[in-house]
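The block underneath contains the structure these notes are about, expressed in structure tokens.
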Amino acid sequence: MADLTIALAGNPNVGKSTVFNALTGMRQHVGNWPGKTVERKEGVVTLGTQTATIVDLPGTYSLTARSLEEQIARDFIIRERPDAVVNVLDVANLERNLYLTAQLLEMEVPLVLVLNMVDVANARGLVLDQQAFVAEMGVPVVMMAASRGQGMDELKRVLNQLIASAPVRGGVA
């Protein structure tokens, strides 16, 4: 059994599953959320001296619990109290991703923002000032091109630091 639980949250089609597969090396367990028809993916990653179960939450635009996906994601974060939440965002379409981010920030969960698809954004001429974004958000931010494996080591390093500096919130022990 893993020492920690880390949830992956994000809008549909932001590369969340690509991040999941890169983190876990595709060692995933696929099942259904209890009593639901939405697929559940879990895998394991080693972060320093600890192992973490990575739970890939259903893609959702918010946590208002109007849809099954929103309800599952919100309930998991509230009830299971993961040790960290990784919010994966499509940096090339950042504005539409920020509503979910705002809700996660309001929940005051240990949060890491992954600005994914930086390669696509750069190809479109979009540039984001990472330092200014970190200062504005107040949480760690990792720039990634997950489909190319870029940024994965940085994500693991940031997660390791976040978990080492935060009190345990009650994830899987």
Side-chain angles (χ1 to χ4, degrees), residues 1-60 63 68-91 97 100-101 103-105 107-119 137 139-173:
M1 188 168 272
D3 302 316
L4 307 165
T5 300
I6 298 172
L8 293 181
N11 293 179
N13 303 312
V14 296
K16 194 166 50 68
S17 292
T18 304
V19 172
F20 172 85
N21 287 331
L23 271 175
T24 64
M26 299 180 73
R27 295 183 309 260
Q28 63 186 12
H29 168 73
V30 178
N32 286 331
W33 293 90
K36 314 291 184 196
T37 58
V38 177
E39 188 175 86
R40 175 179 179 146
K41 289 187 206 172
E42 290 185 5
V44 177
V45 65
T46 300
L47 297 170
T49 61
Q50 301 183 80
T51 58
T53 298
I54 306 296
V55 178
D56 188 4
L57 298 175
T60 182
L63 298 173
L68 181 59
E69 291 81 5
E70 292 172 355
Q71 181 181 355
I72 288 169
R74 185 205 61 206
D75 288 352
F76 184 85
I77 293 169
I78 291 170
R79 292 185 183 143
E80 300 297 323
R81 300 181 53 82
D83 298 287
V85 175
V86 174
N87 179 201
V88 181
L89 301 96
D90 174 358
V91 72
N97 289 234
L100 176 62
T101 302
Q103 291 178 317
L104 290 167
L105 287 167
M107 293 178 80
E108 298 182 358
V109 296
L111 185 64
V112 175
L113 301 180
V114 167
L115 300 181
N116 194 25
M117 301 185 196
V118 71
D119 52 336
M137 294 293 149
V139 297
V141 175
V142 177
M143 305 291 280
M144 290 187 77
S147 64
R148 297 178 181 198
Q150 296 173 349
M152 190 55 55
D153 289 339
E154 177 69 5
L155 175 58
K156 288 179 181 179
R157 185 188 67 74
V158 167
L159 281 170
N160 206 12
Q161 285 180 336
L162 179 71
I163 289 165
S165 66
V168 175
R169 295 179 47 85
V172 177

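Residue numbers count from 1 along this sequence.
Scanning all heavy atoms of the two residues, the minimum distance from Met143 to Val118 falls at CE-CG2, 3.7 Å. Nearest approach of Ile77 to Pro82, heavy atoms of both residues: O-CD, 3.6 Å. Of all heavy-atom pairs between Thr60 and Ala73, the closest is CG2-CB, 4.1 Å. Of all heavy-atom pairs between Gly15 and Val88, the closest is C-CG1, 4.3 Å. Here the closest non-hydrogen pair linking Leu4 and Asp83 is CA-OD2, 3.3 Å. Residue Leu100 comes nearest to Ala9 through the heavy atom pair CD2-C, 4.4 Å, listed as atom of the first residue, atom of the second, then distance.
At least one side-chain heavy atom of Lys156 sits under 4.5 Å from a side-chain heavy atom of Met152. Counting heavy atoms from C-beta outward, Phe76 and Val85 have side chains that stay 4.5 Å or more apart. Annotation: side chain of Ile78 is not in contact with side chain of Leu63 (no heavy-atom distance under 4.5 Å). In this structure, the side chains of Ile54 and Asp56 stay at 4.5 Å or more apart for every pair of heavy atoms. Side-chain contact between Leu115 and Leu89 is present, with at least one heavy-atom pair separated by less than 4.5 Å.
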Task: Derivation of the side chain to side chain contact (heavy atoms under 4.5 Å, CB included) call for Met137 and Leu113 - done: CA-CA 9 Å; Met137 294 293 149; Leu113 301 180; 3.7 Å; yes

Open item on the list: Pair Leu105, Leu111 - check side chain to side chain contact (heavy atoms under 4.5 Å, CB included), show working.
Closed with: CA-CA 8 Å; Leu105 287 167; Leu111 185 64; 3.7 Å; yes

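Shown are Asn87, Val139, Leu155; of these, the side chain to side chain contact (heavy atoms under 4.5 Å, CB included) with Val112 is made only by Leu155.
Formation of a donor-acceptor pair under 3.5 Å by the Lys16 side chain with backbone atoms of Leu57 is found in this model. Proximity of a side-chain donor or acceptor of Asn116 to a complementary backbone N or O of Ala146 within less than 3.5 Å is detected. When atom types are taken as modelled, the side chain of Asp3 and the backbone of Thr51 share a donor-acceptor pair closer than 3.5 angstrom.
Taking CG of Asp119 as the start and CZ of Arg148 as the end, the distance is 4.5 Å to the nearest 0.5 Å. Here the CE atom belonging to Met117 is positioned 8.5 Å from the CG atom belonging to Asn97, to the nearest 0.5 angstrom. To the nearest 0.5 Å, the span separating CD1 on Ile6 from CD on Glu42 amounts to 12.5 Å.
No more than 12 heavy atoms of other residues, nucleotides or ligands lie within 6.0 Å of CG in Asn13, so this atom counts as exposed by the packing criterion. Counting non-hydrogen atoms of neighbouring residues, nucleotides and ligands closer than 6.0 angstrom, the CZ atom of Arg157 exceeds 12 such neighbours.
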